[in-house]
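Reading through the structure tokens given below for one structure.
Chain letters run A, B, ... following the sequence lines, proteins first and then strands; every chain starts at 1.
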Number of protein chains: 2
Amino acid sequence: MTLQTQNVFRALADPTRRDIVQMLANRDMTIAQLTERFDMTRAAVKKHLTVLSDGGLISVEIRGRERVNRLEPSGMAPVLDWFSYFDQFWDDRLAHLKAAIEGDEK
Amino acid sequence: MTLQTQNVFRALADPTRRDIVQMLANRDMTIAQLTERFDMTRAAVKKHLTVLSDGGLISVEIRGRERVNRLEPSGMAPVLDWFSYFDQFWDDRLAHLKAAIEGDEK
DNA sequence: TTAATATGATACCAAATGGTACTACGTCAA
DNA sequence: TTGACGTAGTACCATTTGGTATCATATTAA
């Protein structure tokens, strides 16, 4: 397992961070704008953004004194890759079910 | 966000638990069998199994004095549902996984 | 220049987390 | 019946985590 995979799973484990990800899916936002939406201090939001950045889920564009946070959906790839491990498992289960049904028809 | 969604994300946030999930994808296993594969005590593995159970990712079949842990792939549905929010950002990889897992539900 | 704005960074705290050790209890086999 | 086996449960510990408060720095506007 790569460190990056762990960082992404960890980043998505917190409900506040998942909310941030969904908000950034709609539009880029600064820390101050994000903080308006939550009942916590800007420092707390900043910490969450750091974890999301470590997970490669967001990037930051410096615009004057503002830092615009942008979603990087490609950062979610490690999670989807991990889930793809179960493709064969699910296919096998479905194949067994199919075989059982067909065997029952005879 | 549902409590169940949080429980699944939390369950998958730990690398040991993700390893357990992958092992159980290959075959059902008891706690003792799982513990052989890790460098930690049975009590620690048991705690991880409790978290996985809370997330609906495994079920337990009592067989005599043994407890056989079985993967419940349908428990991953909340995660795939959450990811489907980002359809606009990526291709149909997710749709494929989601169709497979939902087909596995009873 | 000066003051307000937007953010970064650090120290600190309570609670959650991942782990161990130890004990207890039901089940199987001799 | 007795003892080994497989597991559950609890107390306890160190570290991580999510949060606040506070101060520092850079940029914009008057």
Just by modelled atom types, is the [Y] backbone N or O under 3.5 Å from a matching donor or acceptor in the [X] side chain?
X       : Y       : value
B/Arg10 : B/Val51 : no
A/Arg18 : A/Leu12 : yes
B/Gln33 : B/Thr30 : yes
B/Gln4  : B/Gly55 : yes
B/Arg67 : B/Val60 : no

Quick one: [X] [atom1] to [N] [atom2], roughly how many Å, whole number?
X       : N      : atom1 : atom2 : value
A/Asp28 : C/dA6  : CG    : C1'   : 17 Å
B/Ile62 : C/dT27 : CD1   : P     : 9 Å
B/Met40 : C/dT17 : CE    : P     : 16 Å
A/Glu36 : C/dT5  : CD    : C1'   : 13 Å

(message) Measuring only between side-chain heavy atoms, which start at C-beta, is A/Met23 closer than 4.5 Å to A/Phe38?
(response)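 The answer is yes, as the side chains (C-beta and beyond) meet within the 4.5 Å cut-off.
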
(message) If you compare every side-chain N and O of A/His48 against the phosphate oxygens of D/dT17 (OP1, OP2), does one of them come in below 4.0 Å?
(response)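 Result: no.
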
(message) Would you say B/Thr41 places a side-chain N or O within less than 4.0 Å of OP1 or OP2 belonging to C/dG19?
(response)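 No, B/Thr41 has no side-chain N/O under 4.0 Å of OP1/OP2 on C/dG19.
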
(request) Please list residues of residues 6-23 of chain A whose heavy atoms come under 4.0 Å from any atom in DNA chain D, ordered by number; otherwise none. (result)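 Correct list: A/Arg10, A/Asp14, A/Arg17.
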
(message) I'd like to compare against my own output: the B/S/- annotation of nucleotides 2-15 of chain D with a strict under-4.0 Å heavy-atom distance to protein.
(response) --BBSBS-------

(request) Report the distance from atom CE of B/Met76 to atom CG of B/Leu57, rounding to the nearest 0.5 Å. (result)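 These two atoms lie 5.5 Å from each other.
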
(request) Kindly state each residue pair satisfying ring pair (Phe, Tyr, Trp, His ring centres under 6.0 Å) with at least one member in residues 46-79 of chain A, sequence neighbours excluded. (result)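 The answer is none; no pair qualifies.
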
